[in-house]
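Okay, structure first, notes after.
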Number of protein chains: 2
Amino acid sequence: MVKYNAEHLNDVFSVLSDPTRRTIIEQLSKGERSVRELAQPFDMSLPAISKHLKVLENAGLVTHRKEGRYRYYAIQPDAMDGACEWISTLKQLWTKFEGMFCCKQKKQ
Amino acid sequence: MVKYNAEHLNDVFSVLSDPTRRTIIEQLSKGERSVRELAQPFDMSLPAISKHLKVLENAGLVTHRKEGRYRYYAIQPDAMDGACEWISTLKQLWTKFEGMFCCKQKKQ
DNA sequence: ATTATACTTAACCAAATGGTTAAATATAAT
DNA sequence: ATTATATTTAACCATTTGGTTAAGTATAAT
């Protein structure tokens, strides 16, 4: 079920506007990660990462489960569908329905 | 030519995170519009709209031409391609390449 | 029991964001 | 020439954002 309302779009696009959060999403696309693992590539304090994770979770883009003292974060793949559909719809209007898909495929 | 670098993604997603700017984009998808036309649906001062248009233009999402005392804004359709491709790439990773397209098509 | 690890919460701060009103600029109309 | 319209710029303000450090909580290891 795709959430497709203004507030959710605000949240999702806002989440994606931060490069740290995009990198976190990229990492999570390879599977579950603990907070420390997610923090590793950044020159940034752990509380900062913790905050980013909270923002990501509030927007519904990630979830976590607790295992011992670890928190494992995972991606929530459908949460971006609304945002993607919004772009898709706009693209369709611009191109006057010449293309059916959201994104151009790589030219080969 | 698709811009696909971190700063441009920051800008584009940040632009899209504001509902006023998304509405402006939606209006422009139907064609050129003057500033006053774009401002009409909002309960907001003209300088506020002017600022939003500047943000949109800085991110490359719109351009304008001047005609007399009017400024006509137009959409720059390719500017969102980078953002769209980023989402697309992520979706592909999540679904382990089960789907080739950025967005799910409407189920019928 | 003590200490170390994993992580969050709280308090704080500077900079960015999104709005305002008032004044300025440029063009058009009278 | 004067006035009206279209729009921007400037100065300001409150709120949000993204970071910090210090302290707190929960679990694991010794």
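So you know, we letter chains A, B, ... as the sequences are listed, proteins then strands, and number each from 1.
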d([atom1], [X]; [atom2], [N]) in whole Å:
{"X": "Asn58(B)", "N": "dT8(D)", "atom1": "CG", "atom2": "P", "value": "13 Å"}
{"X": "Tyr72(B)", "N": "dT5(D)", "atom1": "OH", "atom2": "C1'", "value": "12 Å"}
{"X": "Asp43(A)", "N": "dT21(D)", "atom1": "CG", "atom2": "P", "value": "11 Å"}
{"X": "Ile24(B)", "N": "dT7(D)", "atom1": "CD1", "atom2": "P", "value": "13 Å"}
{"X": "Glu57(A)", "N": "dT9(C)", "atom1": "CD", "atom2": "P", "value": "11 Å"}
{"X": "His64(B)", "N": "dT7(D)", "atom1": "NE2", "atom2": "C1'", "value": "10 Å"}
{"X": "Arg65(B)", "N": "dT7(D)", "atom1": "CZ", "atom2": "P", "value": "12 Å"}
{"X": "Lys54(B)", "N": "dT17(C)", "atom1": "NZ", "atom2": "C1'", "value": "15 Å"}

If you pin Ala48(A) and Ile49(B) to their nearest nucleotides in DNA chain D, which one's is more 5'?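 Nearest-nucleotide comparison on DNA chain D picks Ile49(B).
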
Could you tell me the separation between the [atom1] atom of [X] and the [atom2] atom of [Y], rounded to the nearest 0.5 Å?
{"X": "Arg71(B)", "Y": "Leu53(B)", "atom1": "CZ", "atom2": "CG", "answer": "9.0 Å"}
{"X": "Leu16(B)", "Y": "Leu16(A)", "atom1": "CG", "atom2": "CG", "answer": "9.5 Å"}
{"X": "Ile25(A)", "Y": "Leu93(B)", "atom1": "CD1", "atom2": "CG", "answer": "12.0 Å"}
{"X": "Ile49(A)", "Y": "Phe42(A)", "atom1": "CD1", "atom2": "CZ", "answer": "5.0 Å"}

Set out, in order, the CA-CA distance, both residues' side-chain angles and the distance that settles side chain to side chain contact (heavy atoms under 4.5 Å, CB included) for Val55(A) and Lys51(A), then state yes or no. CA-CA 6 Å; Val55(A) 172; Lys51(A) 277 192 185 181; 5.6 Å; no

Can you give me the N/O atom pairs linking the protein to nucleotides 12-18 of chain D at distances under 3.5 Å, or say none if there are none?
from    : atom 1 : to       : atom 2 : distance (Å)
dG18(D) : OP1    : Arg21(A) : NH2    : 3.4
dG18(D) : OP2    : Arg21(A) : NH1    : 3.1

Touch class at under 4.0 angstrom, heavy-atom based, for Tyr73(A) against every strand present: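 Contact class for Tyr73(A): sugar-phosphate only.
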
Which part of the nucleic acid, if any, lies within contact of Arg71(B), taking any heavy atom under 4.0 Å across all strands shown: a base, the sugar-phosphate backbone alone, or nothing?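 If one applies the 4.0 Å heavy-atom cut-off, Arg71(B) turns out to touch the sugar-phosphate alone, with no base involved.
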
Ser50(B) side chain N/O closer than 4.0 Å to the phosphate oxygens (OP1, OP2) of dT8(D)?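 Answer yes for this pair, as a side-chain N or O of Ser50(B) is under 4.0 Å from OP1 or OP2.
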
dT20(D), OP1 or OP2 - any side-chain N/O from Ser45(A) closer than 4.0 Å?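 Yes, within the criterion.
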
Mark up nucleotides 22-28 of chain D, 5' to 3', with B wherever a protein heavy atom is under 4.0 angstrom from a base atom, S wherever such an atom reaches only the sugar-phosphate, and - elsewhere. B---SBS

My understanding is that only residues two or more places apart in sequence, or in another chain, count here; which of them pass ring pair (Phe, Tyr, Trp, His ring centres under 6.0 Å) with His64(B)?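 By the ring pair (Phe, Tyr, Trp, His ring centres under 6.0 Å) rule, His64(B) matches Tyr73(B).
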
Looking at Pro41(A) and Gln27(A), what are the two nearest heavy atoms and their distance?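 Here Pro41(A) and Gln27(A) meet closest at CG-OE1, 3.7 Å.
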
For Leu46(B) and Arg36(B), work out which heavy atoms get closest and say how close.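 Looking at all heavy atoms of both residues, the closest pair is CD2-NH2, 3.2 Å.
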
Output yes when a side-chain donor or acceptor of Arg21(A) lies under 3.5 Å from a complementary backbone atom of Ser14(A), and no otherwise.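 Yes, because the side chain of Arg21(A) sits within donor-acceptor range (under 3.5 Å) of the backbone of Ser14(A).
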
